Number of protein chains: 2
Amino acid sequence: MEHTSTDCKELFLSMQDFGDLWSGKWKIQIILYLSINKHKPVFFTQMRNDIIGISAKMLSKELKTMEMNQLITRIVHATNPVTVEYRITAHGETFAPVAQTMILWSVGHRRLILNSFPS
Amino acid sequence: MEHTSTDCKELFLSMQDFGDLWSGKWKIQIILYLSINKHKPVFFTQMRNDIIGISAKMLSKELKTMEMNQLITRIVHATNPVTVEYRITAHGETFAPVAQTMILWSVGHRRLILNSFPS
DNA sequence: CCGCATCCGCCATGATACTG
DNA sequence: CAGTATCATGGCGGATGCGG
């Protein structure tokens, strides 16, 4: 690739990546949770309790892929028993406005659809 | 709760809705395709050919739910054999900037990740 | 041409129990 | 506390063929 502009293929691949990364039920909630709580340490069990409905398996799996994508950082504390803290990275925070855009659109969409089918 | 502002529950439900609506592999591609081609009539088979990899079943199913969500319009032409034209709605077009935000973020993310694992 | 029906494999998610 | 192992399941999505 000798040019820096965004070609069609890169757009397409990025779109694919976006779906692969954010398609599940939980990652957006997790990143927003960590974004909101970025000024205090967040530990595994606390997250599991605060994010209603998520299982330990899912939370663990999502956190792992989010760490691989450099959205969050994992910090092991040598307490007894061990505790693990999670923090949002600077890169992870760049997603917050994207999530906000998505959610804002969805709020409007939800209202429109609910109005169309008055219950 | 007596206020009309967006409360936490509505935010949460909207986020859920967003995932339910856009989680599949195809809908974002479809809406962008219809947005790009909004000035010329788009028919079923042409879409299926242009959106690489999609099957007729998937395209049909996605178009149906997108129509229910008032993102697109279905127009049956009484030709022989029948042809069906699809158009993006005004509401559907409001999603284009959201998609653009998502894609822009993803392009940056993709470059960052690719740089971290130089092949 | 459009789209539905059927069958089927695979994957995401969930429930529960268990380990260091 | 912070996960992992195991099993179950529901839905996504592909392949194929039928009907209008």
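In what follows, every heavy atom counts, from backbone to side chain, and hydrogens, waters and symmetry copies are set aside. In the text below, chain A, chain B and the rest are named by the order of the sequence lines, each starting its count at 1. Predicted model, so just to flag it, every value in this text is computed and none were measured.
Near DNA chain C, meaning a heavy atom under 4.0 Å away, the residues from residues 48-65 of chain B are B:K57, B:S60, B:K64.
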Candidate pair A:S116 and B:Q70, rule side-chain hydrogen bond (donor to acceptor under 3.5 Å, both in side chains), full reasoning: CA-CA 10 Å; A:S116 308; B:Q70 303 179 36; 2.7 Å; yes
Stepwise side-chain contact (heavy atoms from CB on, under 4.5 Å) check, B:F44 with B:S60: CA-CA 8 Å; B:F44 186 89; B:S60 176; 4.2 Å; yes
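Between the CH2 atom of B:W22 and the C1' atom of D:dC12 there is a distance of 18 Å, given to the nearest Å. Distance, A:M47 CE to D:dA2 P: 11 Å, rounded to whole Å. We find that CZ of A:F44 is positioned 9 Å from C1' of D:dC1, with the value rounded to whole Å. In this entry the distance linking CZ of A:F43 with P of D:dA2 reads 7 Å, nearest Å. Residue A:I75 contributes atom CD1, which lies 15 Å from atom C1' of D:dA2 at whole-angstrom precision. Here C:dC11 presents its P atom at 13 Å from CG of A:D20, a figure rounded to the nearest Å.
Environment of CD in A:Q100: sparse, with no more than 12 heavy atoms of neighbouring residues, nucleotides or ligands closer than 6.0 Å.
The phosphate of D:dG14 (OP1 or OP2) has a side-chain N or O of B:K25 nearer than 4.0 angstrom. For A:Y86, a side-chain nitrogen or oxygen approaches OP1 or OP2 of D:dG3 to under 4.0 Å.
In the model, A:D17 has no side-chain atom that pairs as donor or acceptor with a side-chain atom of B:H109 under 3.5 Å.
If you find the closest nucleotide of DNA chain C to A:S23 and to A:V82, the one lying nearer the 5' end belongs to A:S23.
In this structure, B:N37 and B:Y33 approach most closely via the heavy-atom pair ND2-O, 2.8 Å.
For the atom pair CH2 (B:W22) and CG (B:L71), the distance works out to 5.0 Å, reported to the nearest 0.5 Å.
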